[in-house]
Amino acid sequence: MSTDAILDDDIQLGAISGQFNFSGQPAGEVGFVSPNLAEFLGIDVSLLDINGFAYEGSAIKRTINVKAGDSLIFQRNFLTNENSALVSGSFRGSFNDYSFLLVNDQIKKLADINDATQSLPNFVVAFDKETGIQTFKHTFNQAGTYTIGFGVLDIDDFTVSSALSIQNVTLESRSTGETIPEPTTILGALVTMGFGVFSRKNQGMKTNKNQV
């Protein structure tokens, strides 16, 4: 998942259109239009405004049934160009893009640009920095049906991309100790929403963060 809208993202890095997009689907707006990313996740748009206004992003989701004490275990890697030396000095590191885990209507931040400290080699499609692959575990305190999701968001800008890689997703049963694979291919559909040239070129700021 990435925040690349397949337009002129990352032009300061000399990237071609869509270079940091891996699905062929543009990132979706968070709250400017309907349908949008917040609606897709089933939450209020203000929940995504962490350390700034969420402008655009991508997410996947699915519904699972769990028992009390079951744990969702996965590996994640957050990657970003926000810290690149090629980004204008006054803007470098200013827009705190982040990745998240959704559990029903709760957003749990997985990593942001401050956690991405490992440099990447300058291959054809390589982000400037990454966190590296890390394991994350979420334990469910109560049995029930949960909507879980993973996503990545552009904060306060449209033009510099970040991404989230999720792999080896499993659901571990507390009662039996059994580990049940949950391949990321069945976690849900990547958001396919995009936005027009007008909003990208002329919408300088989100005027109402509660607008949906």
Just by modelled atom types, is the [Y] backbone N or O under 3.5 Å from a matching donor or acceptor in the [X] side chain?
X	Y	value
Asp154	Gly57	no
Asn81	Asp128	yes
Asn104	Gln106	no
Asp4	Ser161	no
Arg76	Leu110	yes
Ser58	Ser2	yes

Which heavy atom of [X] sits nearest to which heavy atom of [Y], and what is that distance?
X	Y	value
Phe20	Ala15	CE1-CB, 3.7 Å
Asn21	Pro26	ND2-CA, 4.1 Å
Glu56	Ala27	OE1-CB, 3.9 Å
Val30	Leu48	CG1-CD1, 3.8 Å
Ser99	Leu164	CB-CD1, 3.8 Å

>> Measuring from atom CD1 of Ile166 to atom CD1 of Ile60, what distance do you get when rounded to the nearest 0.5 angstrom?
In response: 7.0 Å
> In Å, rounded to the nearest 0.5 Å, how long is the span from CG of Asp70 to NE2 of His138?
Replying inline: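 Those atoms lie 10.5 Å apart.
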> Among all residues two or more places apart in sequence or in another chain, which pass the side chain to side chain donor-acceptor pair (under 3.5 Å) test with Asn65?
Replying inline: Thr145
Determine whether [X] and [Y] make a side-chain contact, defined as any pair of heavy atoms from C-beta on separated by less than 4.5 Å.
X	Y	result
Ile113	Ile155	no
Arg62	Ile148	yes
Leu171	Lys67	no
Ile133	Gln167	yes
Asp9	Phe158	no
Phe127	Asn77	no
Leu102	Ile107	yes
Asp97	Val152	no

> Does Ile11 belong to the same Ile/Leu/Val/Met/Phe/Trp/Tyr cluster as Ile16, with side-chain heavy atoms less than 4.5 Å apart forming each link?
Replying inline: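 Each belongs to a different hydrophobic cluster.
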> Do Ile50 and Leu153 share a hydrophobic cluster (ILVMFWY, side-chain heavy atoms under 4.5 Å, transitive)?
Replying inline: yes
> Parallel, tilted or perpendicular: which describes the rings of Phe150 and Phe74, with under 30° parallel and over 60° perpendicular?
Replying inline: perpendicular
> With a 6.0 Å cut-off on ring centres, are Phe95 and Tyr55 close enough?
Replying inline: no
> Between Asp156, Asn96, Asn114, which is the residue that forms a side-chain contact (heavy atoms from CB on, under 4.5 Å) with Asn51?
Replying inline: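 Answer after filtering Asp156, Asn96, Asn114: Asn96.
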> Can Asp115 and Thr131 be counted as having a side-chain donor-acceptor contact under 3.5 angstrom?
Replying inline: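 Distance-only check fails for Asp115 and Thr131.
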